[in-house]
Amino acid sequence: MSNSKHHQLLRTNSRDDGPSVEFSPRDDIFALNLRHALHMLNGEWIPDILVALAEGPKQYSGLLGTIREKTHQDGWSGTRHLYLQESVLNRTLRRLERGELVERHREPKFPYHARYQLTAAADELLTALAPLVEWPKQHAELVNRARQAEHTRQ
């Protein structure tokens with residue numbers, strides 16, 4: 001697909017073009033937009049950061065503490081992600097800022113504190129993900145078999 005064709009597909013479903021058009025899962029535009037959404041969410045700590053900030057704005061240390069406190073075994077990797085490193089949080093926050101899902105506000109006076117919050121787009125994304133989050137609950141046996149198969153393969 002040429003670069004101009006790629007951008008044309010993106011504009012086809014943009015907010016500026018009026019109401020969103022419903023696409024079939026068999027549609028190329030559906031697949032393209034699904035890849036875009038998955039790319040925005042791709043990262044080990046991105047879901048944790050988005051959910052922590054959904055509670056409201058947080059200073060850096062509060063965000064780090066919230067995520068560390070709520071960290072649990074994901075059941076896929078076979079490891080327990082107990083400790084979010086500060087360098088990883090910094091890198092992931094910068095990526096989320098570049099992707100315009102998180103805003104950083106720095107206090108203008110010493111001591112300089114940074115406060116992070118979700119953008120409106122991130123709030124919309126989390127709302128849109130609610131049905132997806134329900135899917136594993138509705139298909140718990142399938143998800144468990146898939147996790148077990150992954151562990152067996154490793």
Side-chain angles (χ1 to χ4, degrees), residues 1 6 9-105 114-154:
M1 178 182 312
H6 172 75
L9 292 175
L10 287 175
R11 284 194 306 271
T12 302
N13 198 21
S14 74
R15 199 173 253 201
D16 298 335
D17 293 337
S20 177
V21 178
E22 293 296 320
F23 296 109
S24 163
R26 294 171 189 84
D27 190 312
D28 289 343
I29 296 171
F30 181 95
L32 177 65
N33 287 330
L34 179 59
R35 281 194 300 276
H36 291 314
L38 292 174
H39 175 77
M40 297 294 286
L41 293 168
N42 187 25
E44 184 176 10
W45 294 100
I46 288 177
D48 301 271
I49 292 169
L50 294 177
V51 169
L53 290 176
E55 299 171 357
K58 293 194 178 346
Q59 285 189 353
Y60 180 87
S61 58
L63 177 60
L64 182 63
T66 297
I67 294 170
R68 285 180 175 172
E69 182 181 298
K70 293 182 178 183
T71 300
H72 59 279
Q73 186 171 355
D74 65 12
W76 287 96
S77 64
T79 62
R80 186 172 168 90
H81 303 283
L82 288 176
Y83 198 74
L84 171 58
Q85 300 290 327
E86 288 186 44
S87 61
V88 174
L89 178 59
N90 280 324
R91 206 169 37 247
T92 307
L93 283 168
R94 297 301 161 258
R95 179 176 171 213
L96 289 168
E97 286 178 71
R98 285 190 308 273
E100 300 181 23
L101 294 177
V102 169
E103 294 174 340
R104 178 179 184 260
H105 304 280
R115 182 176 45 87
Y116 296 88
Q117 68 183 47
L118 296 180
T119 63
D123 278 329
E124 290 175 23
L125 178 59
L126 287 174
T127 299
L129 289 171
L132 181 63
V133 171
E134 290 299 314
W135 186 88
K137 292 195 283 187
Q138 295 170 0
H139 300 280
E141 289 181 22
L142 181 141
V143 171
N144 286 331
R145 286 192 306 271
R147 276 197 315 227
Q148 289 171 358
E150 186 67 20
H151 286 269
T152 302
R153 188 181 70 79
Q154 293 175 358

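We number each residue from 1, following the sequence as shown.
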With sequence neighbours left out, what residues match Glu134 under salt bridge (charged side-chain N to carboxylate O under 4.0 Å, His left out)?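 Salt bridge (charged side-chain N to carboxylate O under 4.0 Å, His left out) check on Glu134 returns Lys137.
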For Glu86, is there any backbone N or O sitting under 3.5 Å from a side-chain donor or acceptor partner on Tyr60?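 Checked: pair present.
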Tell me, please, which residues at least two apart from Glu69 pass side-chain contact (heavy atoms from CB on, under 4.5 Å).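 If we apply the side-chain contact (heavy atoms from CB on, under 4.5 Å) test to Glu69, skipping adjacent residues, there are no hits.
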Taking only residues two or more places apart in sequence or in another chain, which ones pass side-chain contact (heavy atoms from CB on, under 4.5 Å) with Thr119?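 Counting only residues at least two positions away or on another chain, Thr119 forms a side-chain contact (heavy atoms from CB on, under 4.5 Å) with Glu103, Ala121, Ala122.
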How long is the straight-line distance from [atom2] of [Y] back to [atom1] of [X], given to the nearest 0.5 Å?
X: Leu53; Y: Arg115; atom1: CG; atom2: CZ; value: 11.0 Å
X: Leu84; Y: Thr92; atom1: CG; atom2: OG1; value: 7.0 Å
X: Glu55; Y: Thr66; atom1: CD; atom2: OG1; value: 6.0 Å
X: Arg145; Y: Thr152; atom1: CZ; atom2: OG1; value: 13.0 Å
X: Leu64; Y: Gln85; atom1: CG; atom2: CD; value: 9.5 Å

State, with a plain yes or no, whether a side-chain heavy atom of [X] is found less than 4.5 Å away from one of [Y].
X: Leu118; Y: Leu126; answer: yes
X: Arg35; Y: Leu38; answer: no
X: Leu50; Y: Leu129; answer: no
X: Lys70; Y: Asp48; answer: no
X: Leu93; Y: Arg104; answer: no

Test: salt bridge (charged side-chain N to carboxylate O under 4.0 Å, His left out). Region: residues 87-99. Which pairs qualify, not counting sequence neighbours?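 Every pair satisfying salt bridge (charged side-chain N to carboxylate O under 4.0 Å, His left out) with a residue in residues 87-99: Arg94-Glu97.
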Within residues 115-136 or reaching into it, pairs that qualify as ring-ring contact (aromatic ring centres under 6.0 Å, His included) - sequence neighbours excluded: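 Every ring-ring contact (aromatic ring centres under 6.0 Å, His included) pair that includes a residue of residues 115-136, provided the two are not neighbours, is Trp135-His139.
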Work out which heavy atom in Ile67 is nearest to a heavy atom in Ala52; give both atom names and the distance.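 Closest approach of Ile67 to Ala52, heavy atoms only: CG1-CB, 4.0 Å.
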Minimal non-hydrogen separation, Ile29 against Asp27, with atom names: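 Minimum heavy-atom separation between Ile29 and Asp27: N-OD1, 2.7 Å.
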Of all residues at least two apart in sequence or in a different chain, which pass the side chain to side chain donor-acceptor pair (under 3.5 Å) check with Glu141?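 Side chain to side chain donor-acceptor pair (under 3.5 Å) check on Glu141 returns nothing, list empty.
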